[in-house]
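Below: one structure, written as structure tokens.
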Amino acid sequence: MKDLGIFMSGLTYSPTDLSNKDEGILVLRSSNIQNGKLVYADNVYVNCHLDTNQMVKENDVLICSRNGSARLVGKTAIIPYGLKATWGAFMMLFRPYKKNSNYLNYVFSSQIEKYKGMFSTSTINQLTNSMLGNMFIDYEEDGNVQQRIVTYLDTKLSEIDTQMSILTSKRDAYLRLKKSIINHAVTRGLNPNVKMKDSGIEWIGEVPEHWEVKRLKNVVECNAKSLGENTPKDSIIKYVEISDVDHVHGINNIQSLMFGEAPSRARRITQKGDIIISTVRTYLKAIAKIEDDDIIVSTGFAVLHPTKCNGEYLAYYILSESFINRVEMLSKGTSYPAINASDLVSINVLIPPLPEQHAIATYLGDKCAKIDTIVSNLDKQISRYADLKCSLIDEVITGKRAV
């Protein structure tokens, strides 16, 4: 690859460099690449001195080169005309020597799978400048053939993307339904004829008259246990990072690491039944219920251990729209919003009588399980289409399929 262009490492910036959209420069990160295209959500902006060669140019290829999750490494997207942006330290930029960057993007997407075993380490998955530069690729020299390949793949992949978009829309509709069911059950209960009262708290509004409003800290312990520095360095830990969690699937990845090689943030001890919620980048809604013992999570999470309420009910309450909105409102910072643990546990929660908590948790468990099954099936279909895209690109790039 180094014979076709140059690889450039991304910008390292400090929290003091963070800015807003009006005063700063967009920093492209892994989250800005979705399905091979740039998206402009979860944006970060910095206000610091940048040289010309630290700014992206049209037809550059943006690559996710480092990530805690191996599946995200190797994602690529083409830089469009007119974009004013730089790229972060966990990204790499490939600038072709006057070549067809769309063709090279397809080539890279095809070939990267062959190199995935090279970059996995105990702490982070990464593609270095040297690894990328020394990659050997299937390369078509004829510019006309390159363009024919690009045109063919653009057309075929667009057809696949259309089907994926339809399935994604269905999936999102079911997730909205799930969110609505949870929010109603934990704020109104299961009895449609229940008498309501004013909670006295503006953002909560009316609640069933026999429910209590309590501070979260009155029903949980927060961050009760942590690993100490005297933990044996050869101890194997099961570690969960913020990128391993989302509010749809919960924990989707658990890393097995030696303590001595784990990130310094791998400290919080959890137990089965605990609830974890991200206190940094709170817009990610990284919330999950712990289903196994002895999981260690990042210090970017608050670990909530239910003590005076039904843990299943509380987990659903924390997933509710009203609670998540409150967390986001209390978060500080624009580009990297965060909430401290003391503010988090000071948030008011609704506490029905224990038998009703159990009934709500059982009801939601049944309803959500059915929706989760449907969503899982849709995810599998979407994944099959994604695999089809990868195989199609590979067949065309390697000449197995004529165009």
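Please read all numbers here as calculations on a predicted model, not as lab measurements. Index from 1, following the sequence.
Checking side-chain atoms of Trp87 against main-chain N and O of Met8 turns up a donor-acceptor pair under 3.5 Å. Judged by distance alone, the side chain of Asp394 and the main-chain N or O of Cys390 form no donor-acceptor pair under 3.5 Å. The backbone N or O of Asn59 sits less than 3.5 Å from a side-chain atom of Ser101, completing a donor-acceptor pair.
The CH2 atom of Trp211 lies 9.0 Å from the CD atom of Gln357; values are rounded to the nearest 0.5 Å. Rounded to the nearest 0.5 Å, atoms CD1 (Ile33) and CG (Leu28) are 8.0 Å apart.
With sequence neighbours excluded, no residue satisfies ring pair (Phe, Tyr, Trp, His ring centres under 6.0 Å) with Tyr239. Applying the ring pair (Phe, Tyr, Trp, His ring centres under 6.0 Å) criterion to Tyr174, with sequence neighbours excluded, gives no partner residue. In this structure, the ring pair (Phe, Tyr, Trp, His ring centres under 6.0 Å) partners of Phe7, at least two apart in sequence or on a different chain, are Phe94.
Using a 4.0 Å cut-off between a side-chain N of Lys or Arg and a carboxylate O of Asp or Glu, Glu261 and Lys233 do not qualify as a salt bridge. Using a 4.0 Å cut-off between a side-chain N of Lys or Arg and a carboxylate O of Asp or Glu, Asp366 and Lys370 qualify as a salt bridge. A salt bridge does not link Asp294 with Lys272: none of the charged nitrogens is closer than 4.0 Å to a carboxylate oxygen. Between Glu395 and Arg401 a salt bridge is recorded (basic side-chain N to carboxylate O distance below 4.0 Å). Salt bridge Asp343/Lys332: present, at least one basic N to carboxylate O contact under 4.0 Å.
Residues Ile347 and Val327 are in side-chain contact: their nearest non-hydrogen atoms beyond the backbone lie under 4.5 Å apart.
Between the side chains of Asn252 and Asp246, at least one donor N or O sits under 3.5 Å from an acceptor N or O.
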One pair to check against side chain to side chain contact (heavy atoms under 4.5 Å, CB included): Asp154 and Leu157. What are the steps and the verdict? CA-CA 5 Å; Asp154 282 351; Leu157 296 182; 5.8 Å; no
- Task: Quick one: do Val73 and Arg66 satisfy side chain to side chain contact (heavy atoms under 4.5 Å, CB included)? Show the steps, please.
- Result: CA-CA 6 Å; Val73 176; Arg66 300 177 68 196; 5.9 Å; no
Between Glu312 and His358, is a side chain to side chain donor-acceptor pair (under 3.5 Å) present by the stated rule, with each step listed?
CA-CA 8 Å; Glu312 296 284 346; His358 178 75; over 6 Å; no
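Within a 6.0 Å sphere centred on NZ of Lys238, other residues, nucleotides and ligands contribute more than 12 heavy atoms.
Across every non-hydrogen atom of Pro263 and Leu257, the tightest pair is CD-CD1, 4.0 Å. Annotation for Ala266 and Leu227: closest pair O-CD1, 4.0 Å, computed over non-hydrogen atoms. The minimum heavy-atom distance between Glu229 and Arg267, with the atom names listed, is OE2-NH2, 3.2 Å.
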